[in-house]
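Presented below is the structure to which this report refers.
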Amino acid sequence: MRVLLVEDEKTLSAAVCKFLKRENIVADPVYTGPDGLDNALSGIYDAVILDVMLPGMDGFSILREIRASGSAVPVMMLTARGGLEDRVHGLEAGADYYLPKPFQMAELLACLHVITRRKTDAPQMELAFGDISLDQQTGSLRCSSTGKEIKLGAKEYQLLEVFLRNPRQIMGKDLLTDRVWGYDSEAEYNNLEVYISFVRKKLTFVGSGVKIKTTRGLGYSLEEGS
Ligand code: CA
């Protein structure tokens, strides 16, 4: 999962990013309202964590712009102002959740799972397709036909997660690169190709019938082997 974190308190932002990383969730931090809006509109995020009081543009205005653009990305608002009026204001502006500061990291994580699950309508937190599944806690790939399991590297995990959320869909290299390395990253296509080959090796290692198929000129898709 990749989330955008729009929070100008750098200490808090760094703590949230560090905590989420351990849960195999990548958080891209931005520190101003305008940067938050630009990145939120990129379409590459599974969720946006949005502070209210921000330099340049406040969280409510950002949220209204996000919704006005037609984006339904799940948005969790954070604020020190925990009053009822602000909560109502946030929910009316289209927030999926409103988390008053100070919060516990475990609470933030639980909310994030709730709002992203609601969007994808997935019955469980487990990501699975064919005979494979990803274990969010351990970062491992499991194969139910062989009972084999292997630990994935962080980028391998993120890449396979994108495939598992969009099975059988051909995804272009640009999209996959953005989803795994981020919108502004310097990552090149060959990084993607290297990681695709790593993930393929691990799928072979666990003995799964699931394959990453290459469609020349278009991209890659996750398919059940024949
Ligand atoms: Ca703030």
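The basis for the numbers below is simple: all heavy atoms, side chains too, and nothing from hydrogens, waters or symmetry mates. Numbering of ligands and ligand atoms starts at 1, following listing order.
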Review point. If you measure from the Lys or Arg side-chain nitrogens to the Asp or Glu carboxylate oxygens, is any gap between Lys10 and Asp51 under 4.0 Å?
Key: no
Point to revise | Asp131 and Ser208: CA distance, side-chain angles, deciding distance, side-chain hydrogen bond (donor to acceptor under 3.5 Å, both in side chains) verdict | key: CA-CA 6 Å; Asp131 60 2; Ser208 170; 2.5 Å; yes
Check your understanding: Got Leu112 and Met76 here, is their nearest side-chain heavy-atom distance under 4.5 Å?
Key -> yes
Practice item. Would you indicate whether Lys18, at its atom NZ, is surrounded by more than 12 heavy atoms from other residues, nucleotides or ligands within a distance under 6.0 Å? Key: no
Revision key, fill the gap. Total protein N/O/S atoms sitting under 3.0 Å from the Ca ion (ligand 1), waters ignored, is 3
Exercise for review: Start with the C-alpha distance between Lys211 and Glu223, add both sets of side-chain angles, then the distance that settles salt bridge (Lys or Arg N to Asp or Glu O under 4.0 Å), and finish with yes or no.
Suggested key: CA-CA 5 Å; Lys211 304 251 182 292; Glu223 308 281 349; over 6 Å; no
Check your understanding: Under 4.5 Å between any side-chain heavy atoms of His113 and Met1, yes or no?
Key -> yes
